[in-house]
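Just the heavy atoms: all of them, side chains too, but no hydrogens, waters or symmetry mates, feed the values below.
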Amino acid sequence: MQTSIPKGTRDFGPAEMSRRNYIFETIKSVFRLYGFQPIETPAMENLSTLLGKYGEEGDKLLFRILNSGDFLTNVPDDKFQERASGSFAPFISEKGLRYDLTVPFARFVVQHRNELVFPFRRFQVQTVWRADRPQKGRYREFYQCDADVIGSDSLLNEAELVQIIDQVFRRLNVRTVVKINNRKVLAGIAEILGQADRITDITVAIDKMDKIGLEKVKEELLQKGVSAAAIDKLQPILLLEGDTTQKLASLRSILAASEVGQKGIDELQTLFDYVATFDLNTEVELDLTLARGLNYYTGAIFEVKAKDMAIGSICGGGRYDDLTGIFGLPGVSGVGISFGAERIYDVLLHLDGFPKESLESTRALFVNFGKAEEAYILPVLYRLRNHGINAEIYPEADKMKKQMNYANRKEIPFVVLAGANEMQENKFTLKNMSSGEQQLVSSEELIKILSRHEVI
RNA sequence: GUGGAUGUAGCUCAGUGGUUAGAGCACUGGAUUGUGGUUCCAGGGGUCGUCGGUUCAAUCCCGAUCUUCCACCCCA
């Protein structure tokens, strides 16, 4: 029988799981350090919650769940005849798999607003699904690791998110650069250009600056119907030189006529002032070409890139002023970030950055020689486990070669042998599998040696 | 969603319009009845992605479909 799994999904074996858990645990522990609390939401949401929140593209990428039971009976005859999936679909599907963690979170906040303590700091590490066409580093099922603060306008939140990013990548030993921009500044730019209604086209185009270059961006803008005069005015903004302070200063004069632009610059200034007082490993820079696709961002936007590997962003986020408004709770501002665990995995693999001990599962294997030996071993095994030592006994009295081979394959560092000789002396032979050395020890010594956590 | 490539043993890959399709690694057994990683010997395992067409004959040629990969769109 041929087995397979759906397109764009993956299995994870034990070795991959321990590496992935290392990443998840690192991220979660930093989230906890900053006072964030975990929540989980269901894999599926009502389509009414999901639809229309990610733009037209996003709606197409939603996985929809077929209604259970005899789902065709609810379809009116005329819809059935039309064969148009657009009008047909609502009758046969009312649930979908979540597309990200932010929208379900917004729904969660609205639904539980009376139980929550605001400002609410939550983190969430769960799978999301997108019916995208898979390629390298892009899957139809993947994890997101989100932290958001909701119910606070303070820019201190943005500043602390930068600290969190720094702390996570410091612990993972990945050199990064954090790029920051502000959606209000982008709106200001569109306003100055006299193209306030084209803000989406403009931001999408200038987001491609580092990828396709200035000339292509200008071409794309022309094609989208932005006037040549406006593009000429845009050019000096994209080519701003100098450090952050200088960039902000020149931007302030360029955007003098835009109120929203000035507001954005103020916010950026405050954020960078905070960040300047932190002792960070990561570089933090102002990048006016950073746009981020998601259209619910309204203030700061972040993106993190690895310095030692070209793989796109490994973390991103921003402020959204009214995400809960669509669920009937207006005026609640939030800001959050999302770590891309799958890409961080690829970066660590590339840098050989996974710690050796994260792979070890069993510390000691007891060789099985037979029933009498089993009875001798089991109480000691129980004691080892009570001391927090991962240990196992081979379940059958198979050939030594096979049992030793099992230890090799599982990369178990110690093997314990206890047969007639050892039983007579009430001792155990402890073998170090990497050096091949072995010693005769008591059960007390066994526990003592195996409790040491050094890597061998 | 658009364009291009790909699919042969568990894995990495050879190969041919014509008898029983191969290698390395892995697996199982033996050399070796309390000592693994090395070596040697033997063995099991494939409707050559799936369906259809051309042909006396297809794993090979053609078409469709699915998978994986690459670029675009978009994104983590």
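Residue A:Ala418 is the one, among A:Glu141 and A:Ala418, whose nearest nucleotide of RNA chain B lies closer to the 5' end (criterion: closest heavy atom).
With ring centers used as reference points, A:Phe123 lies under 6.0 Å from A:Phe31.
Within the 4.5 Å cutoff, no side-chain heavy atoms of A:Trp129 are placed close to those of A:Thr9. For the pair A:Ile180 and A:Glu285, the minimum side-chain heavy-atom distance is 4.5 Å or more.
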Polar atoms only, N or O, under 3.5 Å: list the protein pairs with nucleotides 27-29 of chain B and their distances.
residue, atom, partner, partner atom, Å
B:rC27, OP1, A:Arg409, NH1, 2.5

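With both ends at atom P, the span from B:rG49 to B:rG43 equals 27 Å, rounded to whole Å. Rounded to whole Å, the P atom of B:rU8 lies 25 Å from the corresponding atom of B:rG3. Nucleotides B:rA42 and B:rA23 place their P atoms 12 Å apart, quoted to the nearest Å. For the P atom pair drawn from B:rU65 and B:rA5, the interatomic distance equals 15 Å after rounding to whole Å. When the P atom is compared between B:rU2 and B:rC62, the two are found 23 Å apart, to the nearest whole Å. Taking the P atom of each, B:rG24 and B:rG44 are spaced 15 Å apart, rounded to whole Å. For the P atoms, the distance linking B:rG37 with B:rG29 amounts to 14 Å, nearest Å. When the C1' atom is used for both B:rC70 and B:rU6, the distance is 10 Å, rounded to whole Å.
In this entry B:rA23 has B:rU12 as its Watson-Crick or G-U wobble partner, both defining distances falling under 3.5 Å. If you check B:rG44 for Watson-Crick or wobble pairing at under 3.5 angstrom, you find it has no partner at all. Of all nucleotides present, only B:rC70 satisfies the Watson-Crick or G-U wobble test against B:rG3, with each distance under 3.5 Å.
At a threshold of 4.0 Å, the pair A:Arg20-A:Glu342 counts as salt-bridged, since one of the basic side-chain nitrogens sits closer than that to a carboxylate oxygen. Salt-bridge formation is detected for the pair A:Lys410/A:Glu392: a Lys NZ or Arg NE/NH1/NH2 atom is positioned less than 4.0 Å from an Asp or Glu carboxylate oxygen. Between A:Arg140 and A:Asp132, no side-chain nitrogen of the basic residue sits less than 4.0 Å from a carboxylate oxygen of the acidic one, so the salt-bridge criterion is not met. The pair A:Arg121-A:Glu160 meets the salt-bridge criterion, since a charged nitrogen lies less than 4.0 angstrom from a carboxylate oxygen. Taking the charged nitrogens against the carboxylate oxygens, A:Glu45 and A:Arg107 do have a contact shorter than 4.0 Å, which makes a salt bridge. Taking 4.0 Å as the cut-off between side-chain N and carboxylate O, A:Arg19 and A:Glu16 do not count as a salt-bridged pair.
Note: CG (A:Leu290) to C1' (B:rC75) measures 14 Å, nearest angstrom. Rounded to whole Å, the distance from CD on A:Gln438 to C1' on B:rG34 is 9 Å. Summarising the geometry, the separation between CG on A:Asp398 and C1' on B:rU32 is reported as 16 Å, rounded to the nearest angstrom. Put simply, CD on A:Glu303 is 14 Å from P on B:rC74, counting in whole angstrom units. The distance between atom CG of A:Asn421 and atom P of B:rU35, rounded to the nearest whole Å, is 12 Å. The CE-C1' distance, from A:Met404 to B:rG36, rounds to 4 Å in whole Å. For A:Tyr99 and B:rC74, the OH to P distance is 12 Å, given to the nearest whole Å. For the pair A:Leu62 CG and B:rG1 C1', the interatomic distance rounds to 15 Å; values are reported in whole Å.
Atom CE of A:Met44 sits in a sparse spot, with 12 or fewer heavy atoms from other residues, nucleotides or ligands closer than 6.0 Å.
Within the nucleic acid shown, A:Glu422 comes within 4.0 Å of at least one base atom, counting heavy atoms only. Within 4.0 Å (heavy atoms only), A:Gly436 reaches at least one base atom of the nucleic acid. Within 4.0 Å (heavy atoms only), A:Ala420 reaches at least one base atom of the nucleic acid.
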> Once each nucleotide of nucleotides 67-72 of chain B is scored for protein heavy atoms under 4.0 Å, what B/S/- sequence comes out, 5' to 3'?
Replying inline: SS-SBB
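For the pair A:Arg130 and A:Phe63, the NZ or CZ position fails the cation-pi test of under 6.0 Å to the six-membered ring centre and within 45 degrees of the ring normal.
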